[in-house]
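Report on the structure given below.
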There are 2 protein chains.
Amino acid sequence: MANIHDVSKAAGVSVSTVSRVLNNHPYVKKEKAEAVKKAIIETGYIPNINAVNLKKGKTHLVGIVLPFLDVPYFSQLVQGISQAASVHQYKLVLYQTGYDEHQEKEALEMLKLKQIDSLIICSRKISLETVEHYQQYGSIVLFENGEDTPLSYTFIDHYACFMRALEYLYEHGHRKIGFSINRLDGANSSQRERAYRDFLKLKGLPFHKEYIFKKCLNIEDGERILREIAAFQERPTAILATSDQVAAGIITSSSKYALKVPHNLAVIGFDDQPIARAMQITSVNIPLYSIGQILFEQAIAEEISHKEVSTELMERSTV
Amino acid sequence: MANIHDVSKAAGVSVSTVSRVLNNHPYVKKEKAEAVKKAIIETGYIPNINAVNLKKGKTHLVGIVLPFLDVPYFSQLVQGISQAASVHQYKLVLYQTGYDEHQEKEALEMLKLKQIDSLIICSRKISLETVEHYQQYGSIVLFENGEDTPLSYTFIDHYACFMRALEYLYEHGHRKIGFSINRLDGANSSQRERAYRDFLKLKGLPFHKEYIFKKCLNIEDGERILREIAAFQERPTAILATSDQVAAGIITSSSKYALKVPHNLAVIGFDDQPIARAMQITSVNIPLYSIGQILFEQAIAEEISHKEVSTELMERSTV
DNA sequence: CTGTTAGCGCCTTCAC
DNA sequence: GTGAAGGCGCTAACAG
């Protein structure tokens, strides 16, 4: 492996000049800069990241905190993050917490110990105060509406897009609407629930506690929903699902209960995953891949920033 | 951040002694070693990985080559790898190739350029010869039966476990058995196909070309299978699915075609994912999480090794 | 057994 | 504009 010395020799300049062109410093004569660039190519020089990191006191590592990886929602997010990371020559450290606060804290500690430069928290259980405490050690970015937290974050307006979907169902004549969420706590879920209650009040519709289906994440949860519904005296005519997977579970098992989608039961999914397109599920598009990229950019940015990402209702054939 | 000097001062020894106890070298007097350990704790010393890496010429980074991350099969594998990596203080670099040979080659190049220490190839399209060529630059491990390749690999005997599943169906009276695969090429698929043909020959059963369903990976592919089957004059009575997702798709849409599982159609999934347990799908257990851990261990090991991992047929209620 | 010391490859003042 | 030189934190001869 050629090093910066080899390049300087090949270009007939000093190592500092090479270093300058490498780091785009001004004040380098054009000819010399050209010579250096040529020498870099000739020698096949690749900077030794370890040396650069040691010198600069950075690791070029960003941590990702998420509960699990084996659900499309998170793995798509990681795809986006990972793509952006490779562009910027950063590497990733995955922290799969399973929503264990202890494990979440461990990731935060890595920041303190300078094992990673920044941390992207895709979903958390640990308190915001605890997270904020660690900001002094490195940049932390959240995938949620952090409101007035001093951390960087990117978020989608779950309240608004849930409301939008509810309105859409209302326009299509639905008055008995149910919805599913995953975690009972969690910022997103509470926003959805708030939107739901506000919506009912707005339309003067009655509240049915049993129309809220909790702990829904996967296909099988969708089936569970339908099983429960089947036993209801008064069934909802539409369901806003936690994710496209849950929606798919509802739809595929609907025929088992002699329900036709959308005729007897309308379904709206979330995330607009490939499965939604394949199954023609009406879904709220959440650009997770792009969000992942944004989160990464925020993670390595100097300044803190807040970004809202917009969603879109994809009308297909399940409403 | 305290460094090795601070520790040596605090312990009243030289830096090399500190380095020695850090690296578990022999020949350090017990008292001094104790003093060093105490000093390490007192000073809150954490080794600077960049410095260690620079010195040792290693990156402590391992690359992972896989086509996509958003399918449970691969993300579970990554979970295992990631878990083992964190134990050994290694970090990951994800290369999502989408089976693009160019991208696969790029990951290999990273090895050559010393950007990563080792590479784990979970699934590939690029030729084995090309991969082998890069072995000189770092350790490469495969998740497939590499037969007599000089690379390390871990594999499961797809031929045998496919045969086992076919036998199981046969024992349950099935004579018209179909199966699905994902890629047409790919080592695993061809092994499965070979097992299938051998099985038919063994039992003196006729070969139906249309009983092989290709490009199946997800739920929706399972539905597609059933749609196709519905149009057959002579339907298979059992399906060996590519994955539990495909199996789930078959099962959930079966009622649409007035088919009862397992009465009219038996289904066996692969991987034994959570969804298989949830839906009581008979499935071939493949311990992906453990396999991920093994792959990682092989990746950082000095010697090359070959490991076979056994599978298990989980009898549930879809046969 | 233990301390001294020379780099690993790079960046960055500091002089010129 | 440019080069020389010090040092980031650590390891591993080498010399005792």
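Reminder, nothing fancy here: chain letters follow the sequence lines and each chain counts from 1.
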Would the distance check show the side chain of B:N23 and the main-chain N or O of B:H25 forming a donor-acceptor pair, the cut-off being under 3.5 Å? no
Expected string for nucleotides 7-12 of chain C under the B/S/- scheme (protein heavy atoms, under 4.0 Å, primed atoms plus P, OP1, OP2 as sugar-phosphate) is BBBBBB
With no hydrogens and no angle check, is any side-chain donor or acceptor of B:D272 less than 3.5 Å from a backbone partner on B:I286? no
Atom pair OG/OH of B:S123 and B:Y99 - distance to nearest 0.5 Å: 2.5 Å
Summary of salt bridge (charged side-chain N to carboxylate O under 4.0 Å, His left out) pairs that have at least one residue in residues 119-129 of chain A, sequence neighbours excluded: A:R124-A:E144
Take the angle between the ring planes of A:F74 and A:F68 and call it parallel below 30°, perpendicular above 60°, tilted in between. perpendicular
Any side-chain to backbone donor/acceptor pair from B:N53 onto B:K56? Under 3.5 Å, distance only. no
Would you check if B:L77 and B:L66 make a side-chain contact, meaning some heavy-atom pair closer than 4.5 Å? no
5' to 3' contact window, DNA chain D with chain A (heavy-atom distance under 4.0 Å): D:dG1 to D:dG9
